[in-house]
Amino acid sequence: MKKTLKKLMIGTLLVAFAAAGYGFYLFNKKPADVRVMSASYTLSADSLVNVYNQDEKAADKKFLNQVIEIKGTVSKVVLDSATKQATVMLSTNDPLSGVTCSFYDNEASQLKNIKSGAEISVKGVCTGKLMDVVLNKCSIQH
Amino acid sequence: MKKTLLIGLALFLFHGLKAQRYYTKTGIVTFHAGTTVEDIDGINKSTTSIFDVSTGEFDFALLVNGFEFRRALMQQHFNEDYLESDKYPKSTFKGKITNISSVNFSKDGTYPVQVKGTLTIHNISKEIEVPGTFIIKNGKVSGTSTFNVALADYNISIPSLVADKLSKTAKVVVNCDYSLLK
């Protein structure tokens, strides 16, 4: 009888430790690294902006918080090591909106040799549309 | 008669062209809402902002889902519980720089400004007035501002369980490098 009680207590303690450990793990868990995730959708900057221009709500339903891969023409590269800003703008056939791709700041070195007019593929998380459709946590796809 | 009309039109066009506007699509907005128990902060590097040098009109917009965090759960709670970013994906500020005439955009310097307008977070709009600074250096224009936002003002409720971790006011820091809109 005593033995069973002891076993039970040890069991309970183990479960409690495991739960606490899991809680600690969850608490400290880093956001997912998008660079190692595969894209749910692959499309051109033109079609992404087109889909958003047609129906923003529907586009959000499909793309918001999804990892997507976008192919397009670079119109501008913004690099600033002081503010850890590393962003590439992709132009589209809509003169008013393109795709803004905000890169992981430690991917900045990949952007140094990218010039306006270059065709590139970018993987990132879609966060919605302001003037441009905005992608976060981007990296270059080869 | 025709001539006056033409001159008028020319003047109008000239004036229209002269209306200088600056913009950015890569403005940085951070917020700090932690306490001594836990540091809670997020950063958004794709804030869009535009202002008009002659009228002082000043607009900001950002995607709430675009905030990045150091911890996964922080991001989840921020989007799902506090800001409900699926329902209210954007935060905006629409207003005026009330003393824009005191800024000389062609002369290097640091110019304090006052910004007044409507801040919309979590689908709640409030009138705010905050101080800001324009820094002109070698023809480059950047603007910064730091102000506090009371979470309760925007119907952001904090569960008692995390009340000691989350501050009741968030410190918001805005940092924008502007380019001339051509």
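Below, chain A is the first sequence line, B the second, and so on; all start at residue 1. All figures in this text were calculated on a predicted structure; none of them were measured in a lab.
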Problem set entry | side chain to side chain contact (heavy atoms under 4.5 Å, CB included) evaluation trace for A/Asp105 with B/Lys45 | CA-CA 11 Å; A/Asp105 47 27; B/Lys45 295 185 194 168; 3.8 Å; yes
Exercise. Taking C-beta and beyond as the side chain, do A/Asn65 and B/Asn79 meet within less than 4.5 Å on heavy atoms?
Worked result: no
Seminar exercise, completed: Minimal heavy-atom distance between B/Tyr23 and A/Lys76, with the atoms involved, is OH-NZ, 4.1 Å
For this session: Indicate yes or no: at least one non-hydrogen side-chain atom of A/Lys137 is less than 4.5 angstrom from one of B/Glu68.
Result: yes
Exercise. Among A/Asn28, A/Leu64, A/Thr87, which residue forms the greatest number of heavy-atom pairs with chain B at distances under 4.5 Å?
Worked result: A/Leu64
Exercise. Would the number of heavy atoms belonging to other residues, nucleotides or ligands and lying under 6.0 Å from NZ of A/Lys84 be above 12?
Worked result: no
Exercise. Can you find a heavy atom in the side chain of B/Glu38 that is under 4.5 Å from one in the side chain of A/Phe27?
Worked result: yes
Exercise. With hydrophobic residues grouped by side-chain heavy-atom distances under 4.5 Å, do A/Val77 and A/Ile140 end up in a single group?
Worked result: yes
Exercise. Side chain of B/Lys25, backbone of A/Met131: donor and acceptor closer than 3.5 Å?
Worked result: no
Exercise. Which heavy-atom pair separates B/Ser46 from A/Leu130 by the least distance, and what is that distance?
Worked result: O-CD1, 3.7 Å
Problem set entry | B/Thr26 to A/Met89 - nearest heavy-atom pair and separation | CG2-CE, 3.5 Å
Problem set entry | CG-CG distance between A/Asp60 and B/Asn65, expressed to the nearest 0.5 angstrom | 8.0 Å
For this session: Mind ranking B/Asn175, B/Asn44, B/Leu62, B/Thr47 by heavy-atom pairs under 4.5 Å with chain A and telling me who comes out on top?
Result: B/Leu62
For this session: May I ask you to test the A/Lys29-B/Leu73 pair for a side-chain heavy-atom distance under 4.5 Å?
Result: no
For this session: With a 4.5 angstrom heavy-atom cut-off, could you sort out which part of B/Thr24 is near chain A: side chain, backbone, both or neither?
Result: neither
Problem set entry | Derivation of the side chain to side chain contact (heavy atoms under 4.5 Å, CB included) call for A/Gln85 and B/Ile28 | CA-CA 8 Å; A/Gln85 181 64 261; B/Ile28 294 177; 3.6 Å; yes
